[in-house]
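As the structure lists them, so they are numbered: ligands from 1, and atoms in each ligand from 1.
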Amino acid sequence: MTDFAGRVAVVTGGNAGIGRAVAEVLRARGAVVHVLDRDVEGPAEGVTAWRADVTDQSEVDAALAGIGDREGRVDVLVNNAGVSFVGTVEDGGLDEWQRLYDVNVLGYVRTIRAALPLLRRGSDAAIVNVSSCTAASGLRSRVAYSATKGAIQSMTRAMAADLVAERIRVNAVEPGTVDTPFMTALAEAAPDPAARRAQFEARQPTGRMVDPREVGEAVAYLASPWAHSTVGTVLTVDGGMAAL
Ligand code: NAI
């Protein structure tokens with residue numbers, strides 16, 4: 001498919017996991033893809049990687065300025081860089097909460113602020129924010145993480161209302177348990193990593209973890225002209241977790 005031919009896309013956290021799959025799907029459909037990541041080792045083929053930590057506004061600004069110099073505009077922004085913390089409301093320090101909000105919520109805000117002047121020069125521009133099924137359904141020991149992912153959904157609707165008149169659509173995806181380095185690290189931290197991984201597979205009603213490319217395709221749909229009338233929504237890609 002070439003429905004993204006000539007379109008310029010930016011993906012944060014685009015060097016691993018879901019972000020990398022999003023970058024690869026958009027690239028395969030013809031987009032010019034730039035990724036921002038704090039780790040730019042071995043980027044996906046045909047993709048330009050910019051080293052930027054989304055907790056640092058000056059690094060995000062510098063990357064977007066470079067992309068602007070090269071492309072003159074951005075048509076698609078995918079906010080995806082995120083981190084997790086496993087714990088109940090009593091676990092960890094408030095510094096953990098602050099770290100999660102800094103990456104998962106303010107990281108999106110910083111990138112959107114830096115990208116908006118370029119998105120305004122784009123055509124039928126779209127922002128897609130990666131949230132999580134934890135925003136809507138309780139998952140044990142994910143209190144701070146769930147709070148940040150809920151904030152992303154609220155932000156998505158509010159920004160959609162603010163930006164739709166400028167022909168910038170804002171939507172979100174909420175994946176279930178996706179097979180990425182993020183989940184591998186969680187499994188490896190368990191006493192029995194193989195058993196933990198089997199639990200991750202089993203908690204999906206479909207019986208297996210979500211393939212990151214499935215999320216990539218969902219993001220591509222929301223960013224495509226076929227979603228022209230889709231504004232301020234959340235697309236669920238969770239193997240049926242929320243339905244049960
Ligand atoms: P991952 O840990 O496998 O990859 C994350 C990427 O983001 C890495 O390339 C990392 O270097 C980059 N990154 C992290 N912090 C950054 C920062 N401060 N600045 C710039 N880059 C940074 O994660 P995964 O699983 O691909 O998750 C991506 C997004 O999807 C996150 O927002 C996560 O919360 C969300 N998500 C993941 C699910 C899963 O089951 N894996 C489920 C639902 C949502």
task: Record the part of Ala52 in heavy-atom contact with ligand 1 below 4.0 Å; permitted values are side chain, backbone, both and neither.
output: backbone
- prompt: Any side-chain donor-acceptor pair under 3.5 Å between Ser58 and Asp61?
  reply: no
task: Could you check atom 15 (N) of ligand 1 against the protein and tell me its nearest heavy-atom contact, residue, atom and distance included?
output: Arg38 CZ, 3.3 Å
statement: Per-atom filter on ligand 1: closer than 4.0 angstrom to a heavy atom of Asn80 are 28 (C), 29 (C), 30 (O), 31 (C), 32 (O)
Proximal ligand 1 atoms for Pro181, defined as those under 4.0 Å from one of its heavy atoms: 3 (O)
field: Closest protein heavy atom to atom 40 (O) of ligand 1, given as residue, atom name and distance to 0.1 Å
entry: Val178 N, 2.7 Å
- prompt: Considering only the protein, which heavy-atom contact is closest to atom 38 (C) of ligand 1, and what is its distance?
  reply: Gly176 O, 3.9 Å
- prompt: For atom 8 (C) of ligand 1, which protein heavy atom lies nearest, and how many Å away is it?
  reply: Asp37 OD2, 3.6 Å
statement: Nearest non-hydrogen protein atom to atom 1 (P) of ligand 1, with distance, is Phe182 CB, 3.6 Å
Kindly list each side-chain donor-acceptor pair under 3.5 angstrom involving residues 173-185, sequence neighbours excluded, with atom names and distances?
| unit_1 | atom_1 | unit_2 | atom_2 | d |
| --- | --- | --- | --- | --- |
| Glu174 | OE1 | Gln153 | NE2 | 2.8 |
| Glu174 | OE2 | Thr236 | OG1 | 2.8 |
| Thr177 | OG1 | Arg203 | NE | 2.8 |
| Thr177 | OG1 | Arg203 | NH2 | 3.2 |
| Thr177 | OG1 | Gln204 | OE1 | 2.7 |
| Asp179 | OD1 | Arg197 | NH1 | 3.4 |
| Asp179 | OD1 | Arg197 | NH2 | 3.3 |
| Asp179 | OD2 | Arg197 | NH2 | 2.9 |
| Thr180 | OG1 | Phe182 | N | 3.2 |
| Thr184 | OG1 | Thr180 | O | 3.2 |

query: Of the protein's non-hydrogen atoms, which lies at the shortest distance from atom 18 (N) of ligand 1, and what is that distance?
result: Asp53 OD1, 2.9 Å
- line: At under 4.0 Å between heavy atoms, what of Lys149 touches ligand 1? The answer is side chain
- prompt: Counting only N and O atoms by type, is there a donor-acceptor contact under 3.5 Å from the side chain of Arg121 to the main-chain atoms of Gly72?
  reply: yes
task: Give the numbers and elements of all ligand 1 atoms closer than 4.0 Å to a heavy atom of Gly82.
output: 31 (C), 32 (O)
- request: Run the salt-bridge test on Arg110 and Asp102 with the 4.0 Å N-O cut-off and return the result as yes or no.
  value: yes
Heavy-atom nearest neighbour in the protein, as seen from atom 37 (C) of ligand 1, with distance rounded to 0.1 Å: Ile18 CD1, 3.6 Å
query: Under a heavy-atom criterion of less than 4.0 Å, does Tyr108 contact ligand 1?
result: yes
message: For Arg213, is the CZ atom crowded, meaning more than 12 foreign heavy atoms sit under 6.0 Å from it?
response: no
query: Which residue holds the protein heavy atom closest to atom 25 (O) of ligand 1, what is that atom called, and what is the gap in Å?
result: Thr180 OG1, 2.5 Å
- prompt: Could you give all pairs that pass the salt bridge (charged side-chain N to carboxylate O under 4.0 Å, His left out) test and reach residues 7-29, with sequence neighbours left out?
  reply: Asp3-Arg29, Arg20-Glu24, Arg29-Glu217
message: With side-chain contact (heavy atoms from CB on, under 4.5 Å) as the test, pick out the partner of His34 among Val47, Val74, Val11, Val8.
response: Val8
